[in-house]
Q: 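Take this structure first; my questions come after.
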Amino acid sequence: MIKAPVTLATFLAICAIASPAQAADSVEDRIARVENGLVGKYMIKGKPVAPSKIAERMATMKVPGLSVAVINNGAIEWARGYGVVEAGGKQAVTTDTLFQAASISKPVAAMGALRLVEQGTLSLDQDINAKLTTWKIPAGAQTAEAPVTLRNLLNHSAGTTVHGFRGYAAGEEVPSVLQLLDGAKPANSAPVRVERKPGEGWKYSGGGISIAQLAMSSAAGKAFAPLMKDSVLDPVGMKNSTFEQPLPASLHAAAASGHNNKGEPIKGKWHTYPEQAAAGLWTTPSDLARFALELQNASAGKSNKVISKAMAAQMLTRLKGTYGLGIDVGNAQGMPTFSHGGSNAGFRTMMFAFTSTGQGAVVMTNGDNGGALTGDVLRSIAAVYGWTDWRVTEKEMAKVDSKMYANYAGNYEIDGKPVSVLHEGERLLVSAPMMGLERMELYPASETTYFDLVGDATYAFEKDEAGKFDFVIKLGSTRRAKRVP
């Protein structure tokens, strides 16, 4: 079957008419359009692309299972599961299948912390050490004038270390919260310490959120998982969610298995995360949609099940970086938004919502390659529902003689891991198993610089001292791939 190509102009036209069309089409019509309208983050200017179906993209990305919930008009309009809970199995993903939320745990935990603030159990601006009874933050860059506070912990501006956590595979000993904060065995992460003056700048720190977790439990006199169940999950109606780590055996049958970038189940199906507030929530897209709705309603003064309107405003006010308190705060053409993504071993997730329009969506996957897929699904939703965010971006492709590609083709290596650049006719492709890429086309921005249509990485070919080309990949940091025979 030949697919009709979609140009950027067509895509934007669809977006423009999507809202009026909602009155004429059914929910099933909208679901079908979302399922069949997946497009990448970027398009080449003047070069049409064909939209993909969800099942096609899942197969291409080697992601066995995916689950979606869409918020519209202030309610969950629809939710669906796709694929299977484990590759090679027959158990289908349903709307009740549990996925690891990964870092989307952080905003849910933050709402629980802010509830404790409103109850007078915690303070946003007091030295957090005053609430830590079994462990204290070791001396570092903090001072009496600039102590570590709950506010800057939730904002990732406390100057704390440890970006994220890799969890503990089946059979590995799991540390206590105190052990992981000190980086003591069996912890597999570094000690959480204060390396910069608190409040001075922004740097994402799962370690800081783990300090907040300990402070919440210490101040409330209750273990973190039951504390969150009582203070957030139950009031919001997140009936299929738990912060319990490891996942109780009674819930194993309902949980999706995580998969590596080859689409293979990870050892033991999933990792355990004692860093509950930072990465430990098991949930569903529908439950996270209920969380998003509660935050929308609290912000509008329509609900105070967990926090008040005034506290919701603080949570959704950007401080350092693009963050409020526990959540990313954005603006899409004048419309405020909040969002958070997540990345645990074998799982990739994304929650996005407009603060005041009653719209949003949550996409959860059980594969390491699911990050790009969540973006594709959200762009399809954006087109159907007329969102002002998650639009496709056009990129300009330079005119380059493809004969140049022969100079770049060959085998390279980064940290002992293979990367191949292939020249096929007028196409330049890269194969990088370490990045989960079998074959991905590169497009020229100039004769020596290139981009792809999947993510935000840029690529360059730079001559070494011998006059041979190295392959340079830039995504946040720069990684140079050396040519090998």
Side-chain angles (χ1 to χ4, degrees), residues 85 96-113 134-135 153 162-190 192 205-218 220-234 236 238-259 265-284 287-288 291 326 340 342-349 351 364 366:
V85 299
D96 290 332
T97 299
L98 301 180
F99 290 77
Q100 288 191 350
S103 285
I104 305 180
S105 306
K106 293 177 174 71
V108 181
M111 183 178 279
T134 56
W135 180 88
L153 285 170
V162 186
H163 177 92
F165 304 97
R166 64 182 178 88
Y168 297 83
E172 290 186 323
E173 188 179 354
V174 178
S176 67
V177 176
L178 301 187
Q179 287 172 322
L180 72 88
L181 287 173
D182 279 333
K185 291 182 179 180
N188 59 21
S189 53
V192 180
S205 173
I209 299 299
S210 293
I211 294 175
Q213 172 186 324
L214 182 62
M216 291 169 67
S217 294
S218 297
K222 185 183 288 188
F224 185 76
L227 171 63
M228 288 301 300
K229 182 179 187 299
D230 293 343
S231 62
V232 179
L233 304 185
D234 284 352
V236 172
M238 298 172 70
K239 63 184 186 301
N240 289 322
S241 301
T242 181
F243 274 94
E244 290 185 71
Q245 289 286 338
L247 184 69
S250 61
L251 296 176
H252 284 196
S257 298
H259 295 78
I266 65 175
K267 180 183 177 183
K269 300 180 181 291
W270 50 73
H271 286 185
T272 293
Y273 289 84
E275 309 89 357
Q276 294 157 292
L281 177 64
W282 281 93
T283 187
T284 67
D287 271 9
L288 283 178
F291 169 81
H340 213 292
S343 175
N344 273 7
F347 295 89
R348 299 294 185 273
T349 60
M351 174 184 69
M364 307 187 81
N366 64 347

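Just so you know, these numbers use all the heavy atoms, side chains as well, and skip hydrogens, waters and symmetry mates. Please read these numbers as outputs of a predicted model, since none were measured by experiment.
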Q: Could you measure the distance from the NE2 atom of His271 to the CZ atom of Arg166? Nearest 0.5 Å is fine.
A: 8.0 Å
Q: Could you measure the distance from the CD atom of Gln245 to the CH2 atom of Trp270? Nearest 0.5 Å is fine.
A: 10.5 Å
Q: Flag the pair Pro186 / Gln179 as yes when at least one side-chain heavy-atom distance between them is below 4.5 Å, and no otherwise.
A: yes
Q: Step by step, work out the side-chain contact (heavy atoms from CB on, under 4.5 Å) result for Leu288 and Met364.
A: CA-CA 10 Å; Leu288 283 178; Met364 307 187 81; 4.1 Å; yes
Q: Is any side-chain heavy atom of Trp135 closer than 4.5 Å to one of Ser218?
A: no
Q: Write down the atom of Gly268, the atom of Ala170, and the distance for their closest heavy-atom approach.
A: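 Closest approach of Gly268 to Ala170, heavy atoms only: CA-CB, 3.5 Å.
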Q: Locate the shortest heavy-atom distance separating Ser210 from Val177; write the atom from each residue and the value.
A: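 Smallest heavy-atom distance, with atoms named: O-CG1, 4.5 Å.
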Q: For a side-chain hydrogen bond (donor to acceptor under 3.5 Å, both in side chains) with Gln100, tell me which candidate from Thr283, Asn366, Asn344 qualifies.
A: Asn344
Q: Examine the side chains of Asp96 and Asn240 and answer whether a donor and an acceptor come within less than 3.5 Å of each other.
A: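 Yes, side-chain donor-acceptor contact under 3.5 Å.
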Q: Which atoms form the tightest heavy-atom contact between Val162 and Ser189, and what is the distance?
A: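 Nearest pair, atom of Val162 first, then Ser189: CG1-CB, 4.4 Å.
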Q: Under a 4.5 Å cut-off applied to non-hydrogen side-chain atoms, are Asp230 and Lys222 in contact?
A: yes
Q: Do the non-hydrogen side-chain atoms of Val108 and Val232 ever get within less than 4.5 Å of each other?
A: yes
Q: Test Phe224 against Phe243 for ring-ring contact (aromatic ring centres under 6.0 Å, His included), laying out the working first.
A: CA-CA 8 Å; Phe224 185 76; Phe243 274 94; 5.3 Å; yes
Q: Measure across Met228 and Gly112 and return the closest heavy-atom pair with its distance rounded to 0.1 Å.
A: SD-CA, 4.1 Å
Q: So do the side chains of Pro107 and Met351 get within less than 4.5 Å of each other, counting heavy atoms only?
A: yes
Q: Would you compute the distance between atom CZ of Phe99 and atom OG of Ser241 and round it to the nearest 0.5 angstrom?
A: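 It is 12.5 Å, given to the nearest 0.5 Å.
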Q: Where do Thr284 and Thr97 come nearest, in terms of heavy atoms and distance?
A: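 So the minimum-distance heavy-atom pair works out to CG2-O, 3.3 Å.
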Q: Would you confirm whether Thr349, through its side chain, and Ala101, through its main-chain N or O, come within 3.5 Å as a donor-acceptor pair?
A: yes
Q: Could you measure the distance from the NE2 atom of His252 to the CG atom of Leu247? Nearest 0.5 Å is fine.
A: 4.5 Å
Q: I'd like to check Phe165 versus Pro274 (side-chain heavy atoms, cut-off strictly below 4.5 Å). Are they in contact?
A: no
Q: Could you measure the distance from the OG1 atom of Thr134 to the CG atom of Leu178? Nearest 0.5 Å is fine.
A: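 These two atoms lie 4.5 Å from each other.
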Q: Quick one: pull up CG in Leu180 and OH in Tyr273 and give me the separation to the nearest 0.5 Å.
A: 13.0 Å
Q: Exactly one of Gln276, Met216, Gln213 should register a side-chain contact (heavy atoms from CB on, under 4.5 Å) with Leu227. Which one does?
A: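 Single pass found, and it is Met216.
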